Amino acid sequence: MTGDAPAGVPVDPAVPWDIRSVLVDAAVAGSAMAGRVRRTLPGVPFTVLEHPGALADALPGGPEADRTGGRVLHLAAHRGRFLRPCPGARSYRCCGYRIVHIGEGCPMDCTYCILKAYLRSDILRAFANTADMFAELGDIFGRDRTRRFRVGTGEFADSLALEPVTGHTLELLHFLRDFDNVVVELKSKTADLSWMAANPRPDRVLAAWSVNAPAVVAAQERGAPPLSARLAAAREAARAGFGVCLHFDPVVPHPGWEEGYAATVDMIASFLRPRDIVYISLGSLRFLPELPARLAAMGRLPDYYLSEFVDDLDGKRRLLRPLRVRQLRHVAGLLAKCGLAGKLYLCMESDEVWRAVFGRAPQGPDGLARRLMELAFEKRREGP
Ligand code: SF4
């Protein structure tokens, strides 16, 4: 599967995501991941960066320039922390999820993607110093084996988009087999299930997909597989005994959105049984203020950015509350009719919005995080 190529550049179907150049920090040039990438992309030039400044020299126009000659994959030695709290604002209900930081950037191209404004670069970055990552994670997860963790890799990247090239998740799942106190959520828009080859405990991996209304998938998620492919992969994961999570995030206002989200919920019900699903998040449209101008400069500003927004406490712009509540309530109502009412939560919303959508808010400051932890670790029946 490949993403859309920049205009005028022929796509080679043998090269995932049209990656035309690999840059490798010298510190990880001999890593297992670098070896896998070399084998997967045999014809792609591989440049070792001898010092940090060499990245800019290796990229004509610098890291922020628009590139028309295919994508760049940077195998980096990450020097910061690998385990981070999810960046939820204090005034919103936080789900208590921890991020395992495996890389940055995504080869798909969604017009609502928050990474476009966060990262300011279209370079795909994978952190190849996995030994450092496992040392840090092992220290934290192993300190008290009765303490449970719900972690995920899909925050600054799609969890699995680069998996066919890097094998990152396979490595992570092999490592996590020693930690019964950790559930990892793999959040993706791809249909990649190659991670199953690590043979992880099915009740310690949550296979998660982002879903949206058909018109949003078709027009706003360039390079992403269709909904049917995602749900077929979800069904296969469920049949193998893995819990499935779904994320309606963001719910986008667009002409016919009521019918669109109803069609998606019908499709979910045709692929998955309620017991296959562990939880479903609903998130309203929100973005960093600079994103619309960037999209406009690329000639890709969708109409939904012309809705009315409010500047919120976390520096993002959000849909005005009345439409936000109407949309979230509509999607929640559709899912409740499928027997999923007990598995829904709102991503980064206040108690007021929770009450307006569900008639109640989570109990106590960490009520939502506790509930999701329970659902994540709940004993599930294995197999079909
Ligand atoms: S798939 Fe996710 S990470 Fe990738 S561009 Fe779309 S929203 Fe962003």
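What you are looking at is a predicted structure, and each value in this text was computed from that prediction instead of being measured. Ligands are counted one by one from 1 in listed order, and the atoms in each one are counted from 1 as well. Side chains are part of it too, since the values below use all heavy atoms of this structure and drop only hydrogens, waters and symmetry mates.
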**Q** For atom 6 (Fe) of ligand 1, what is the closest protein heavy atom, and at what distance to 0.1 Å?
**A** Cys110 SG, 2.3 Å

**Q** Run the numbers for me: atoms of ligand 1, each under 4.0 Å from some heavy atom of Leu115, listed by number.
**A** 3 (S)

**Q** Would you tell me which option among Met108, Lys187, Lys189 has the nearest heavy-atom contact to atom 7 (S) of ligand 1?
**A**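 The nearest heavy atom belongs to Lys189.
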
**Q** In residues 323-335, what donor-acceptor pairs under 3.5 Å come from side-chain atoms, sequence neighbours left out?
**A**
residue	atom	partner	partner atom	Å
Arg324	NE	Leu319	O	2.9
Arg324	NH1	Glu349	OE1	2.9
Arg324	NH2	Leu319	O	3.2
Gln327	NE2	Val252	O	3.4
Arg329	NE	Ala356	O	3.0
Arg329	NH2	Ala356	O	2.9
His330	NE2	Glu258	O	3.0

**Q** Could you tell me which atoms of ligand 1, counted from 1 in the order shown, lie closer than 4.0 angstrom to a heavy atom of Cys113?
**A**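 Answer, ordered by atom number: 3 (S), 5 (S), 7 (S), 8 (Fe).
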
**Q** Do any of the N/O/S atoms of Cys106, backbone or side chain, fall under 2.8 Å from atom 4 (Fe) of ligand 1?
**A**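 Here the distance criterion (N, O or S atom, under 2.8 Å) is met by Cys106, so yes.
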
**Q** Assess whether a salt bridge exists between Arg286 and Asp249, defined as any Lys/Arg side-chain N lying under 4.0 Å from an Asp/Glu carboxylate O.
**A**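 A salt bridge is present here (some side-chain N lies under 4.0 Å from a carboxylate O).
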
**Q** Side chains of Thr130 and Glu171: do they bring a donor and an acceptor to under 3.5 Å?
**A** yes

**Q** Test Arg239 against Glu236 for salt bridge (Lys or Arg N to Asp or Glu O under 4.0 Å), laying out the working first.
**A** CA-CA 5 Å; Arg239 283 182 180 158; Glu236 201 177 326; over 6 Å; no

**Q** Taking only residues two or more places apart in sequence or in another chain, which ones pass side chain to side chain contact (heavy atoms under 4.5 Å, CB included) with Val48?
**A** Ala26, Ala29, Glu50

